[in-house]
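For reference, the structure is listed below as structure tokens.
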Amino acid sequence: MPTASPRILLLTPPLTQLNTPYPATAYIKGFLTGRGYDVTQADMGLQLVLRLFSEAGLRRVFQEIEAGEFNLSDNARRMLRLQNRYLATIGPVIRFLQNKDLTLAPRICHGRFLPEASRFDNVADLETAFGTMGLTDQARHLATLYLEDLADLIKETVGPHFGFSRYAEKLALSATSFEPLHQELEAAPNLLDRMLLEELEPLLARVQPAVVGFTVPFPGNLYGALRLAKHIKEISPGTVTVMGGGYPNTELRTIQEPRFFDYIDYLTLDDGEGPWLRLLEYLGGLKEQGTGHSQRHSASVSLVSGREAVDDVHCELQPVLYAPDSSNLLQRTFRRNAQGQIEYINHPHPDVPHTEVGTPDYSDLPLAEYLSVLEVLNPMHRLWSDGRWNKLTVAHGCYWKRCSFCDVTLDYIARYETAPSTLLVDRIEQIIQQTGQTGFHFVDEAAPPLALRDLAIELLKRRVAITWWGNIRFEKTFSPDLCRLLAASGCIAVSGGLEVASDRLLALMEKGVTIAQVARVTDGFTQAGIMVHAYLMYGFPTQTAQETVDSLEVVRQLFAAGVVQSGYWHRFSMTAHSPVGKNPAKYQVAAIGPEPAGFAWNDLWHDDPLGTDHEAFGPGLAKSLYNYLHGVALDEPLARWFDFKTPKTATPRHLIQQALQAPEKPDFARQNQRLFWLGNAPEIRIEPGKKAPRAVLTCYEQAEDFEVKTTEAAGRWLHQLLTRLSQDFDNKVLLKDAAASFPKAEGSFEAFLQSPAWALLREKGLLLL
């Protein structure tokens, strides 16, 4: 428990998501409040959007456009002429997207309610796109297009850096030099900057923080964070500013730019809990010491396994003083010292274990104000932008951590730790009680299958009803039975990397899966009613035109077989912290830039002399996938998607079907696996038979009742087994344990496992895990 309680303010700068809070600040707040600190958090992106997309905000936008000298497009001029309709509709649309007035949906769809600009040009047939979905979804999509029209207008005029998920992203992408960002920050604030600062000032006045932390998960958060930090330094030079998160963790690990520390006093790397504790202890020591060289400081927040956070602390920390005898106890922290030099201090404190990071705390975020938007019709992307999802990690890091394209050398991937399923469900129940929401997005790099199994069983045991989705590896541990268990626990979707869909390249990138294996795993998820999204990659080192076309054929077959419902093609990018980036010669490519200039360093340019012209394939791959997503042109030749000559595919036409038809391991060969029954305890009755009495087990389930008929002895054994499985989740019954109690008079247990009674139970929910 800290002796002083400094006020800490944690900020998520614009912009991450409109539909749900980015979890970094909630993680750090939960951790620090558990240790007695006074922490407030705010989502500045949401606050900016709600100020901007209001009648008063849009009126300011239109007035500034009319007063300025902008070279307007025809589309922008049309929107200006329709400004009264935009002013009249913006309030109702925002309320609709906040799920506060869903009765507006019929007017949006059929009433000519919304003014329409260029984003509506390609809306040809919503009935085809949405099928039999209701008006609310169609209206949500149209309302999203309406907001994007307004965003286009703002970007063309008063806010050139605006974007809902890529706010000023270009300034931070591959920003080896700090100079472009510095110039923008030194320029006079534009209208959107002023609105952002107008949201900040009352927050500072209310909280009066001694420390302000910024989470910067993406390039699009950096400019907003620095603009906010600059204003804090101007009005309160003694306030400590801290930054951390996904962007610093990957891009700023070698920072040598002194001007960055005009805005941010401390920059932390990797998990934020440890660095925050050490920093707050250090700052508290400076306050108590009260001697030394006076120096302005700020504090920075750090990424916690893909999560970042910021804090505000309750005490006066001004002026901040250097204490040479204690600063070396900081952890994974950059600062600028009294001589103006950049120091990286990393005392070997132990990391905070995954079991001790605490429960994310969303308590002071305005959860009812977030917007459920429907930007694109891709079903997995919709989960990202529509609905309120509590974000949580099942495990820290990645249990596989071998993929050659991934930043596996960094702590948030390299250090793998798990937490007991009981603790995870405790956290889930706390978050539900706090937020009133039962939707969860597990944000692991790749959620471990056995940890998911245990989590699902614990959820079912406690009867905690949630809806969840997350990222996995398509590995064989995800058997059809495990998929059914996950579905029963609330899983609705998974995403995973198929990547290049070429066995040669999958082996080269050490993905640890094969095409046939991916097909069988995705089929298991699909049969369980779980949507499957495949991450697809093109342009991997040495990938040929033949392999690109062959990969597309594999993707076509997966969609045609119905085992993948969503996907997205990503262009390979070589990063400094991946195996390819660290040893390009092994992958027969050469790093050719960029030259370091003291700031960001992650994305590397590379030459691939053995590969094809990857850029040329991008548009055709995207177009084909869009059609496959909608079940269109699945039998068309692959060449139709490209405007240049491509090789014919060498992929066997029935590759995926053959993989799906491969026989599964029989139950008798799975003696060491656990039996799990998704159903209820059955009723049993004994009926007379022609030769001997017969047992009839009646199982009452949600959608249907069914009967299992077998011999009396086998029936009594089954009744006892299923009753035990339905009532005692803690007692793990292996198949071999069940075999040991099987009535000997019934003959071979192996033969019984092939009987119609056993087959029916397996179909209805008797699982082997």
Side-chain angles (χ1 to χ4, degrees), residues 174 250 398 400-410 413 445-446 473-475 496-519 534-558 564 567-594 601-625 638-639 641-652 655-656 659:
S174 302
T250 55
C398 178
W400 180 251
K401 58 188 175 191
R402 297 182 204 171
C403 299
S404 57
F405 57 84
C406 188
D407 292 340
V408 296
T409 61
L410 299 184
I413 293 175
E445 295 299 310
R473 292 180 61 250
F474 292 129
E475 63 159 83
L498 172 56
E499 316 305 355
V500 289
S502 156
D503 282 337
R504 180 188 80 85
L505 292 173
L506 284 170
L508 180 62
M509 62 173 54
E510 297 189 59
K511 188 67 185 175
V513 299
T514 64
I515 293 172
Q517 179 179 313
V518 169
Y535 292 115
L536 305 166
M537 182 186 294
Y538 68 103
F540 193 75
T542 72
Q543 184 173 2
T544 64
Q546 182 69 61
E547 286 173 320
T548 302
V549 172
D550 290 348
S551 294
L552 178 58
E553 170 61 13
V554 171
V555 172
R556 184 198 68 78
Q557 290 186 29
L558 288 167
V564 171
Y568 190 80
W569 286 103
H570 301 258
R571 173 79 180 271
F572 167 76
S573 175
M574 189 166 86
T575 61
H577 312 295
S578 68
V580 178
K582 288 189 171 297
N583 188 8
K586 176 182 175 181
Y587 299 90
Q588 302 180 71
V589 295
I592 57 175
W601 182 253
N602 186 40
D603 291 329
L604 305 179
W605 308 336
H606 69 282
D607 182 41
D608 181 6
L610 299 182
T612 187
D613 178 7
H614 304 302
E615 181 128 359
F617 279 93
L621 292 174
K623 186 177 180 181
S624 64
L625 189 58
L638 302 183
W641 306 117
F642 305 100
D643 56 6
F644 56 94
K645 186 174 178 57
T646 58
K648 291 185 177 181
T649 180
T651 301
L655 175 70
I656 298 302

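When reading the values below, keep in mind they use all heavy atoms of this one structure, side chains included, and skip hydrogens, waters and symmetry mates.
In plain terms, the two heavy atoms of Gln543 and Leu505 that are nearest each other are CG-CD1, 3.6 Å. Closest approach of Pro579 and Cys406 over heavy atoms only: CD-O, 3.3 Å. Between Glu445 and Cys398, the shortest heavy-atom contact is CB-CB, 4.1 Å. The shortest non-hydrogen separation linking Pro647 to Val549 is O-CG1, 3.5 Å. Annotation for Lys582 and Ala576: closest pair CG-O, 3.5 Å, computed over non-hydrogen atoms. Considering all non-hydrogen atoms of both residues, Ala534 and Val564 come closest at CB-CG1, 4.1 Å.
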### Query
side-chain contact (heavy atoms from CB on, under 4.5 Å) between Asp607 and Val589: does it pass, once the steps are laid out?
CA-CA 6 Å; Asp607 182 41; Val589 295; over 6 Å; no
#### Entry: Audit row: Phe642, Leu552, side-chain contact (heavy atoms from CB on, under 4.5 Å) steps and yes/no
CA-CA 12 Å; Phe642 305 100; Leu552 178 58; 3.9 Å; yes
### Query
So Phe474 and Tyr535, ring-ring contact (aromatic ring centres under 6.0 Å, His included) or not? Walk me through it.
CA-CA 11 Å; Phe474 292 129; Tyr535 292 115; 8.9 Å; no
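The shortest side-chain heavy-atom distance between Leu604 and Thr575 does not fall under the 4.5 Å cut-off. Residues Leu558 and Leu498 form a side-chain contact, since some pair of their non-hydrogen atoms from C-beta on lies under 4.5 Å apart. Side-chain contact between Thr542 and Tyr587: absent, with no pair of heavy atoms (C-beta onward) separated by less than 4.5 Å. Between Trp601 and Pro594, some side-chain heavy-atom pair lies under the 4.5 Å cut-off. Contact of the Leu621 side chain with the Thr548 side chain is registered, since non-hydrogen atoms from C-beta on lie closer than 4.5 Å.
Glu553 places no side-chain N or O within 3.5 Å of a backbone atom of Thr651 that could act as its donor or acceptor partner. Checking side-chain atoms of Ser404 against main-chain N and O of Glu510 turns up no donor-acceptor pair under 3.5 Å. A distance-only check finds a donor-acceptor pair linking the side chain of Asp550 to the backbone of Ala650 [under 3.5 Å]. Of the possible donor and acceptor atoms, none in the side chain of Arg402 sits under 3.5 Å from a partner among the backbone N and O of Val408. A donor-acceptor pair under 3.5 Å links the side-chain atoms of Gln557 to the main chain of Leu655, judged by distance alone.
Between the CG atom in Asp503 and the OG1 atom in Thr514 there is a gap of 5.5 Å [rounded to 0.5 Å]. Between the CG atom of Asn602 and the CE atom of Met574 there is a distance of 10.5 Å, given to the nearest 0.5 Å. Taking NE2 of His570 as the start and CG of Leu536 as the end, the distance is 7.5 Å to the nearest 0.5 Å. Taken to the nearest 0.5 Å, the CG atom of Leu610 stands 6.5 Å off from the CG atom of Asp608.
The only option from Lys511, Arg473, Arg504 that meets the salt bridge (charged side-chain N to carboxylate O under 4.0 Å, His left out) definition with Glu499 turns out to be Lys511. Of the candidates Trp569, Phe572, Tyr538, Phe644, Phe644 is the only one forming a ring-ring contact (aromatic ring centres under 6.0 Å, His included) with Phe617.
Side chains of Ser578 and Asp407: no donor on one and acceptor on the other come within 3.5 Å.
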